[in-house]
Structure formats: C-alpha cells, structure tokens
Amino acid sequence: MAFQNPFNFRCLLLVCMWLCTTSALSEELIQAKIVEPYIEMHSGPAGGYPVIHVAAKGEWITVLKRRTSWFKIITADEIQGWVKQDDLHLTESSQGQPVKLFDGFFASFSERDIEFGMLGGSFEGIPSLTIFADWVATDNISAGVSVTQALGDLSESQYFLVKAQHTTFPEWRLSPYISLGVGQIRTQPKANLVQSGDEARTSDLYAVGLGVRYYLAKNFLVKLEYNNLQALTSRDENEEIEEWKLGFAVYF
C-alpha cells in the first residue's frame with residue numbers, strides 16, 4: 001500500500017511531547033513489608049546521618065523518593081527517614097515478591113519494554129524530523145517503526161520505516177547500535193513545480209543505519225544516527241540518500 005500524506009505532523013509532535021512528559025513525571029509510590037528483623041532509618045541520605053528510628057519485621061513502609069542509593073520512606077505511624085538500598089531490598093511487596101529498586105535508574109534500563117522519541121537532522125541537506133517507537137525484545141534486539149518528514153525549498157518528503165536494531169553493548173551507558181529497515185518514501189514537489197510536469201512519486205525504501213545511544217538521566221536517552229537510504233525508482237539506478245539525526249528518547 002502506498003505511503004500517503006494524511007498525517008498532521010504538528011499533532012504527532014504534541015502527542016510525542018505529552019507522552020514524554022507523562023513518562024518522565026509519573027512514578028507510583030511503592031509499598032513494602034519488612035521481612036528481616038529490622039531496618040534502620042536515618043535522618044538523611046547517607047550513612048553519616050544518625051539513626052532516628054528502627055522499623056521492625058512485619059511493618060509496612062512506603063517509598064517516597066530516592067537520592068542515589070538512598071530512599072526516603074514513611075512508616076504506617078508516619079515516621080519518615082532514609083534507608084540505604086541494600087536494606088530496602090530486605091522487604092517484599094504485597095504480592096510476596098522481593099522489592100528491587102535501583103540507584104541512578106541506569107540499572108533498571110534493561111527492564112524497559114518501549115522506547116519513544118524524536119530526532120532532528122539533515123536529509124540530504126534538508127531539515128528533517130523523525131518520530132519513532134521501538135519495542136525492546138531482548139537486551140540486544142529491538143524492533144520499531146519511525147515516521148520522518150523533510151521540508152525543502154523545492155519539495156517535501158515523508159517516509160516510514162519498519163526496522164530491527166541490534167545494540168552491541170547494552171550494559172554500557174554509551175553504546176553503539178546498527179539497524180536495518182524497509183518502508184516507503186513519498187516525495188511531493190512544491191505547487192509551482194507541479195505545474196511544470198514534476199509529479200509526486202512513491203518508492204519502496206531500504207535503510208541501513210549506524211548509531212550510538214547515551215543514557216543521560218532518569219528514563220532519558222540521547223541518540224545520534226546515520227542512515228543510508230536506498231529508494232527503488234523506475235529508473236535504471238536507485239536513489240541513494242544520506243541522513244544524520246540527533247535527538248532523545250524516553251523508555252518505560
């Protein structure tokens with residue numbers, strides 16, 4: 001089916017910004033039950049702060065926030081204090097599962113299921129904007145879709161890709177990846193050129209990409225990509241397109 005031009009790119013941008021904000025700001029409070037004899041609660045997020053309370057086995061606590069490897073909690077009696085990460089792992093959830101919380105959030109990166117983001121760049125020298133969503137199948141392998149629009153003085157292009165991506169060292173904060181994709185591209189000349197006989201065309205598309213991603217902060221990644229695109233035309237030679245992109249992604 002040919003790739004048409006019905007989508008409103010501004011609407012996609014608004015949806016992307018809303019999802020990114022929601023993902024970054026929403027964090028549910030975690031409740032846990034102490035299963036060891038006790039855990040010590042400090043007045044601040046470090047071992048140098050004095051112990052102000054000892055929560056006993058069987059007590060329920062609520063995790064309010066974290067600072068590096070320390071977590072602020074409140075007991076059922078509304079006593080607040082800070083506990084270190086190792087002590088918090090001596091608790092279990094209401095389902096009887098051990099509670100595992102990670103400092104710095106990077107350790108939870110491998111638990112992500114979805115990445116969603118925006119990339120801006122140069123499409124053969126023309127400014128472009130990409131919105132993408134990826135499903136993370138394993139630590140190394142992901143699959144996703146992307147939609148790109150490039151606006152030039154003479155024409156505008158839109159293309160979509162379905163792609164697979166392999167991340168070489170997923171445990172690294174800065175890690176390279178490669179991708180392969182297929183899709184379609186539609187190029188539409190500006191109105192004054194259509195009158196001269198140059199018409200819109202749609203072509204199948206193949207893509208090979210190289211990139212690097214960097215874990216920046218809680219739920220946020222920065223991505224830099226290079227893509228070599230091959231558009232299959234009716235002419236004897238395919239059209240080769242080079243593209244550079246830089247942007248961000250959130251995961252959840």
Side-chain angles (χ1 to χ4, degrees), residues 1-20 23 109-124 126-152 155-170 175-188 200-213 219 221-235 237-252:
M1 182 175 63
F3 178 52
Q4 303 298 321
N5 185 25
F7 64 86
N8 187 319
F9 216 69
R10 291 183 178 178
C11 290
L12 289 176
L13 284 176
L14 291 175
V15 172
C16 180
M17 293 172 64
W18 178 79
L19 287 176
C20 291
S23 175
F109 181 61
S110 62
E111 303 297 325
R112 72 197 189 284
D113 296 314
I114 299 293
E115 290 183 17
F116 187 88
M118 291 191 301
L119 302 168
S122 173
F123 181 85
E124 282 291 312
I126 300 174
S128 67
L129 186 63
T130 299
I131 293 177
F132 70 90
D134 291 340
W135 171 65
V136 182
T138 69
D139 289 346
N140 298 93
I141 304 295
S142 62
V145 295
S146 66
V147 179
T148 298
Q149 178 163 326
L151 300 176
S155 64
E156 64 179 73
S157 299
Q158 300 92 26
Y159 76 83
F160 78 91
L161 286 175
V162 178
K163 60 181 181 178
Q165 178 177 297
H166 181 273
T167 302
T168 311
F169 304 103
S175 182
Y177 59 85
I178 60 174
S179 63
L180 297 173
V182 296
Q184 285 190 331
I185 182 171
R186 177 182 173 86
T187 301
Q188 174 70 56
R201 64 181 186 273
T202 300
S203 305
D204 291 332
L205 192 66
Y206 295 93
V208 177
L210 298 174
V212 61
R213 61 105 174 126
N219 290 87
L221 306 173
V222 174
K223 288 192 168 187
L224 173 65
E225 288 187 4
Y226 165 78
N227 290 302
N228 183 276
L229 308 172
Q230 295 284 336
L232 306 184
T233 67
S234 58
R235 302 186 296 271
E237 294 183 358
N238 296 331
E239 182 180 359
E240 182 177 0
I241 305 167
E242 292 188 337
E243 182 182 36
W244 289 91
K245 300 177 182 180
L246 176 65
F248 73 93
V250 296
Y251 67 86
F252 44 93

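Start at 1 with the first residue, then count along the sequence.
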Go through the steps to decide whether Asn228 and Glu242 satisfy the test side chain to side chain contact (heavy atoms under 4.5 Å, CB included), and finish with yes or no. CA-CA 5 Å; Asn228 183 276; Glu242 292 188 337; 4.2 Å; yes
From [X] [atom1] over to [Y] [atom2], what is the distance, rounded to the nearest 0.5 angstrom?
| X | Y | atom1 | atom2 | result |
| --- | --- | --- | --- | --- |
| Ile185 | Phe160 | CD1 | CZ | 11.0 Å |
| Ser203 | Leu229 | OG | CG | 12.0 Å |
| Ile241 | Thr187 | CD1 | OG1 | 6.5 Å |
| Asn227 | Leu210 | CG | CG | 8.5 Å |
| Asn238 | Leu205 | CG | CG | 10.5 Å |

[X] versus [Y]: any side-chain heavy-atom pair under 4.5 Å?
| X | Y | value |
| --- | --- | --- |
| Leu224 | Leu119 | no |
| Leu232 | Tyr206 | yes |
| Glu239 | Glu124 | no |

Under 3.5 Å donor-acceptor, Asn140 side chain and Thr167 backbone: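 It does hold such a pair.
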Which residue in the set Arg213, His166, Glu225 passes side chain to side chain donor-acceptor pair (under 3.5 Å) when paired with Tyr177?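 Running side chain to side chain donor-acceptor pair (under 3.5 Å) over Arg213, His166, Glu225 with Tyr177 returns exactly one hit, Glu225.
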Ser128 and side-chain contact (heavy atoms from CB on, under 4.5 Å): which partner among Phe123, Tyr159, Trp244?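 The option that passes is Phe123.
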Are a donor atom and an acceptor atom from the side chains of Thr130 and Lys245 found within less than 3.5 Å of each other?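 Result is yes, a qualifying pair exists.
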